[in-house]
Amino acid sequence: MNASATTELPVVVIGAGPAGLAAAAHLVDQGIEPLVLEAGPTAGTAVREWSHVRLFSTWGEVVDPAAEKLLAPTGWTRPDPVTYPSGGDWAELYLQPLADVLGERVRTGATVTGVSRAGRDRIVDADREQQPFVVHVAYADGHEERVFARAVIDASGTWATPGPAGGSGLPALGEKAAADRITYRVPDLKDPAVRARYAGRRTAVIGSGASAFTALAHLADLAESDDGAGTRGVWILRRGISGSTFGGGDADRLPARGALGLAAKAAVDEGHADAVTGFRTEAIDRDTDGRLVLVGEDGRRLEPVDEVIVLTGFRPDLSFLDELRLGLDERLQAPVALAPLIDPNQHSCGTVHPHGHRELSHPEQGVYLVGMKSYGRAPTFLAMTGYEQVRSVAAAIAGDLESADRVELTLPETGVCGGAGLFDAPDAAEADGGGCCAPAPQLVQLGALTPAGAAAEQTQAPAGGCCGS
């Protein structure tokens, strides 16, 4: 197939979530036909799975400009830009209308099972870049199809591949066998059946990010309700508790994000959750009555719990891209040029630099990983980052490199400085001189049972660095 014929082909966009639909809108704006392939039954399938969770970004920050332009002729108006949507709001009031406008350009129930170059596996060099991409698709009704494309934008996200409970990046021993008592999502405690599962029970929450904060806050709310007496959380932290444990608080420029950390702190302070620090889960056993016992790599066995909520981040599914020549960082599984810009060892204060098609490109020209997928295993991705990514990528595919290279993005600071760090050692006690010492892992309970002075020491750390190796 010659080059001119290839340019007549659509750009395949994998995933009809926020980044994928925005990519389609930008392609339409550039006069390029997109074909969006969504594995789920509706647009925004993954977002709908956390429909009960409220975003910490406002409506003004989660609507893409090109998408809004495409929606405008239908009479669509953006909700109040200073209010906060839930995942359900985002899907129903924005993503679904956008998919409706795109019409037949969006196919649901369409799972991409492989991407390659037509007639070329990843080994073959000859005329490789002159060949179109070939995308294998399996549909919900059982039939399969080969789709040819001029370029491929993978916006499939990472929602389907959550991190495990195991502290080494692998599932803990017994984790799969205990699947009936484990969830990898923030539970919807407004659902009566889900609420009954956690009410009056002891639940371990493994994780240290915004999702863990949300789960702890929801469990605390349940504990204070009429039907939640006896509800108790056990917060499992691979690090110790320091000034950054609960996020940026009032210093976070996304106030709702800062409030999540403060809500988690309140859950601990008010006695609704204990915090187990310096604990890396090695195994999940069952006691004689079927309750779960978390076993640490250091041999500690925690008191039994009824349920476990694992919120240890996500990782990209790269299996269907195996025939493409991708350039990925060996640690983060993000594009090699992007990885240093988002490395959680360094970036947690809104210091991520603007980036676009050049940082998202690969040795296989014409393929881009965007949105959450582009960050690999790195956390703290924001919708506005994805929207600027796809604007730049669409312009590059259209050949408008001047626009594609004009990447501008200012992210709100988290209020947590110094990087999140990739080594989950317990936080060292930080002296004024920035020295390091490693306290023994411990169980701490903050609040009424802890003297005020001790609580302040455990939750606030003076400025200074601390090595973690």
Test item: [X] side-chain N/O and [Y] main-chain N/O as donor-acceptor pair under 3.5 Å:
X	Y	value
W76	K69	no
R185	L311	no
E175	A165	yes
S211	A215	no
R391	A23	no
H357	S392	no
T312	P164	yes
R202	P304	yes
R48	A43	yes
E92	D89	no

task = Quick one: do R286 and D180 satisfy salt bridge (charged side-chain N to carboxylate O under 4.0 Å, His left out)? Show the steps, please.
result = CA-CA 12 Å; R286 289 186 187 261; D180 61 318; 2.6 Å; yes
Would you compute the distance between atom [atom1] of [X] and atom [atom2] of [Y] and round it to the nearest 0.5 angstrom?
X	Y	atom1	atom2	value
S156	L318	OG	CG	8.5 Å
L338	R358	CG	CZ	15.0 Å
R201	E307	CZ	CD	6.5 Å
L360	L369	CG	CG	8.5 Å
R280	R238	CZ	CZ	8.0 Å
L98	L71	CG	CG	5.0 Å

Salt-bridge criterion met for K373 and D154 (N-O under 4.0 Å) = yes
Mind listing the closest non-hydrogen atom pair of [X] and [Y] along with its distance?
X	Y	value
L216	A264	CD1-CB, 4.2 Å
A172	T281	CB-CG2, 4.0 Å
A220	A267	CB-CB, 3.7 Å
A118	F148	CB-CE2, 3.9 Å
V12	A149	CG2-CB, 3.6 Å
S319	D317	OG-OD1, 2.7 Å

ask   = Can E359 and S374 be said to form a side chain to side chain donor-acceptor pair (under 3.5 Å), step by step?
value = CA-CA 10 Å; E359 292 81 7; S374 73; over 6 Å; no
key: Sequence neighbours excluded, every pair satisfying salt bridge (Lys or Arg N to Asp or Glu O under 4.0 Å) that has a member inside residues 392-403   = none
Specify whether [X] and [Y] have parallel, tilted or perpendicular ring planes, treating 30° as the upper limit for parallel and 60° as the lower limit for perpendicular.
X	Y	value
W235	F213	perpendicular
Y94	W59	perpendicular
Y375	F381	perpendicular

For a 4.5 angstrom cut-off between non-hydrogen side-chain atoms, does [X] reach [Y]?
X	Y	value
P162	V310	no
I182	I309	no
L21	V13	no
L302	V276	yes
I153	I397	yes
D127	R120	yes
R300	L294	no
V62	P18	no

key: Test log, rule side chain to side chain contact (heavy atoms under 4.5 Å, CB included), inputs W50 and V186   = CA-CA 7 Å; W50 49 269; V186 176; over 6 Å; no
Looking only at side chains, do [X] and [Y] share a donor and an acceptor under 3.5 Å apart?
X	Y	answer
D191	H52	no
D188	H218	no
T113	E144	no
Q96	T42	no
Y139	R107	yes

inquiry  = V393 vs V370, test: side chain to side chain contact (heavy atoms under 4.5 Å, CB included). Steps then yes/no.
reply    = CA-CA 9 Å; V393 166; V370 302; 4.2 Å; yes
key: Verdict with reasoning, D125 to R325, per salt bridge (charged side-chain N to carboxylate O under 4.0 Å, His left out)   = CA-CA 11 Å; D125 291 334; R325 298 174 177 181; 2.8 Å; yes
task = With E364 as reference, evaluate L321, V152, L324 under the side-chain contact (heavy atoms from CB on, under 4.5 Å) test and give the passing residue.
result = L324
request  = Take Y387 and V63 through the side chain to side chain contact (heavy atoms under 4.5 Å, CB included) test and state the conclusion after the steps.
outcome  = CA-CA 9 Å; Y387 295 158; V63 173; 5.6 Å; no
request  = Mind jotting down which residue pairs meet the ring-ring contact (aromatic ring centres under 6.0 Å, His included) criterion with at least one end in residues 306-336? Sequence neighbours excluded, please.
outcome  = W159-F314
query = Do R122 and S116 pass the side chain to side chain contact (heavy atoms under 4.5 Å, CB included) test, and can you show the C-alpha distance, the side-chain angles, and the key distance before you say yes or no?
reply = CA-CA 7 Å; R122 68 184 296 166; S116 187; over 6 Å; no
query = Is NZ or CZ of R117 both nearer than 6.0 Å to the six-membered ring centre of F133 and within 45° of the ring axis?
reply = yes
message = Are there over 12 heavy-atom neighbours, none belonging to E303, within less than 6.0 Å of that residue's CD?
response = no
